Protein chains: 2
Amino acid sequence: MPSFPTYAVTVDLVVLTVRDGALAALLVRRAAAPYRGRWALPGGFVLPDEDLAGAAARELAEETGLVPDAVHLEQLRTYGAPKRDPRGRVVTVAYLALLPDLPAPVAGTDAAAARWWPVEGVLGESVRLAFDHERIVGDGVERARAKLEYTPLGAAFCPAEFTIAELRQIYEAVWGTTLDPRNFHRKVTGTPGFVVETAGSTTRNGGRPARLYRRGEATLLHPAMLRP
Amino acid sequence: MPSFPTYAVTVDLVVLTVRDGALAALLVRRAAAPYRGRWALPGGFVLPDEDLAGAAARELAEETGLVPDAVHLEQLRTYGAPKRDPRGRVVTVAYLALLPDLPAPVAGTDAAAARWWPVEGVLGESVRLAFDHERIVGDGVERARAKLEYTPLGAAFCPAEFTIAELRQIYEAVWGTTLDPRNFHRKVTGTPGFVVETAGSTTRNGGRPARLYRRGEATLLHPAMLRP
DNA sequence: GGTGTAATCGTCAAGATGACGATTACACTG
DNA sequence: CAGTGTAATCGTCATCTTGACGATTACACC
């Protein structure tokens with residue numbers, strides 16, 4: 001076997017939630033060069049004895065304190081342009097995490113600060129990210145938008161029990177559109193396995209009491225719910 | 001910055017075509033240990049000054065002689081389990097390539113042999129692959145099957161000009177189903193940008209002459225064409 | 001000219017969707 | 001405590017898409 005080059009391998013996380021009616025990404029402020037002071041995706045090196053998903057889960061736990069069972073975590077894409085990190089060749093495997101809106105604080109261990117940023121600002125001009133992280137966020141957001149179409153994954157943004165209207169607001173925030181409440185209700189409750197009814201109901205959103213639902217068993221929607 | 005581990009990074013290619021009515025993958029026979037003599041995906045190390053897609057395009061050209069413009073090439077997924085390569089930690093970025101059936105010979109430069117294998121045999125028991133390549137092939141096949149649903153990518157398996165029936169046979173081979181010729185014809189010709197009619201026609205398949213079409217501009221199908 | 005083989009065009013019922021009216025059940029207010 | 005506001009939920013209807021399948025067309029070959 002001939003000699004071969006080796007590279008640093010990291011995982012970076014696009015952690016998304018819906019806060020205040022808007023899709024938001026978790027970012028950390030870099031404490032060291034390069035890009036010191038810039039906002040960046042949470043992430044870190046892959047340790048010698050862990051696999052990629054394990055590294056992603058570990059980083060997610062370090063940043064949010066969340067156990068992996070409670071969140072949706074999937075591989076997004078790998079980025080390895082030669083000059084994407086000025087320190088040398090770094091290949092990063094990006095993961096996408098979808099979370100309910102956390103009341104819990106976001107305590108970073110090795111970052112100067114961590115906070116949620118609305119993706120509108122991240123993909124616009126108001127926040128400039130380190131490295132190629134803006135593109136990674138964009139890919140993650142597009143993946144999330146697409147997955148809401150053909151999977152019941154919108155519920156991953158909701159707490160354990162939620163109303164149909166709350167789920168609809170997730171879709172509206174992620175897609176940046178408005179949806180007809182009646183048609184959305186018909187689609188969600190009419191698709192087997194999308195959600196399952198629970199005993200409870202709530203009036204926390206005002207108006208007539210709404211039934212509470214839990215996530216269903218389905219992993220794929222047939223037919224899909226397409227963006228307008 | 002603390003010290004960090006580095007790993008070998010490779011690209012592996014899942015190259016798919018449709019031959020003799022069946023979906024087939026390009027495999028090479030390993031000339032060296034480990035897994036010497038086993039069939040494996042074509043691939044190789046990422047060179048220090050090339051990006052991941054460039055490495056994939058280079059490997060594809062080395063194996064098939066094809067220029068990247070003529071083929072569909074997309075990143076599939078990254079595999080990095082600690083023990084996936086007995087020689088040490090190797091992270092591989094898999095790419096998926098879709099090709100028309102090549103009359104051209106498949107001349108490998110550094111492999112003992114190269115040939116097309118029906119994926120049915122590869123995912124079954126009749127061919128045993130090296131490393132975790134069977135799983136990678138499985139992921140690539142599933143990606144291809146899914147992409148035929150919501151993109152016009154089936155045409156990537158066809159030569160520059162093709163008939164609707166030839167395109168239908170691609171779908172039937174990839175999905176392993178039969179499709180109603182009349183409904184398929186209606187769907188394909190009725191979706192703007194899926195295919196564009198050319199002046200020619202052919203009787204190479206017997207029967208009434210069929211119009212020839214070229215790939216259209218569309219990249220997404222709305223609505224999708226779902227597997228039965 | 002008749003026959004075989006596909007390609008292409010039509011028809012129809014069933015299912016899904018978008019638009020939107022009507023009703024229901026609670027909290028809140030005066 | 002009846003009236004009012006706010007959502008949730010249920011219905012209706014025209015339109016679009018799909019699956020199933022009949023009918024017609026155009027060529028090659030006998």
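Proteins come first, then strands; the chains are lettered A, B, ... in the order of their sequence lines, and each starts at number 1. As the structure is a computational prediction, the values presented were derived from the model and not from experiment.
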Considering only distance and modelled atom types, tabulate donor-acceptor pairs under 3.5 Å from the side chains of residues 213-226 of chain A, sequence neighbours left out.
| residue | atom | partner | partner atom | Å |
| --- | --- | --- | --- | --- |
| Arg215(A) | NH1 | Ala155(A) | O | 2.5 |
| Arg215(A) | NH1 | Cys158(A) | O | 3.2 |

Results of salt bridge (charged side-chain N to carboxylate O under 4.0 Å, His left out) for [X] - residues two or more places apart only:
{"X": "Glu50(A)", "result": "Arg58(A)"}
{"X": "Arg38(A)", "result": "none"}
{"X": "Arg84(A)", "result": "Asp132(A)"}
{"X": "Arg77(A)", "result": "none"}

**OP:** Compare all side-chain heavy atoms of Leu129(A) with those of Leu27(A) and state whether any distance is below 4.5 angstrom.
**Re:**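 A side-chain contact exists here, since the closest heavy-atom pair is under 4.5 Å.
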Subject >> Matching residue for Leu41(A) among Thr92(A), Val137(A), Leu13(A) - test: side chain to side chain contact (heavy atoms under 4.5 Å, CB included) >> reply: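 That would be Val137(A).
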Original post:
Would Tyr79(B) and Asp12(B) count as having a side-chain donor-acceptor pair, cut-off 3.5 Å?
Top reply: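 The answer is no; no qualifying pair exists.
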Original post:
How long is the gap from CG on Leu123(B) to CH2 on Trp117(B), to the nearest 0.5 Å?
Top reply: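 Here the rounded value is 13.0 Å.
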Original post:
Heavy-atom contacts under 4.0 Å between residues 161-194 of chain B and DNA chain D, which residues?
Top reply: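 Under 4.0 Å from DNA chain D: Asp180(B), Arg182(B), Asn183(B), Arg186(B), Lys187(B).
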**OP:** Using heavy atoms and a sub-4.0 Å distance, could you list which residues of residues 199-219 of chain A are near DNA chain D? By number, please.
**Re:**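 Within residues 199-219 of chain A, the residues near DNA chain D are Gly206(A), Gly207(A), Arg208(A), Pro209(A), Ala210(A), Arg211(A).
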Under the salt bridge (Lys or Arg N to Asp or Glu O under 4.0 Å) rule, what pairs show up with a residue in [range], not counting sequence neighbours?
{"range": "residues 148-165 of chain B", "value": "Glu149(B)-Arg227(B)"}
{"range": "residues 65-74 of chain A", "value": "Glu74(A)-Arg143(A), Glu74(A)-Lys147(A)"}
{"range": "residues 183-202 of chain A", "value": "Glu197(A)-Arg211(A)"}

**OP:** Mind listing the residues from residues 221-228 of chain A sitting with a heavy atom below 4.0 Å of DNA chain C? Number order is fine.
**Re:**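 Pro223(A), Ala224(A), in order of number.
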Subject >> Range on DNA chain C touched by chain A - first to last nucleotide, heavy-atom distance under 4.0 Å >> reply: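 On DNA chain C, the outermost contacted nucleotides are dA16(C) to dC26(C).
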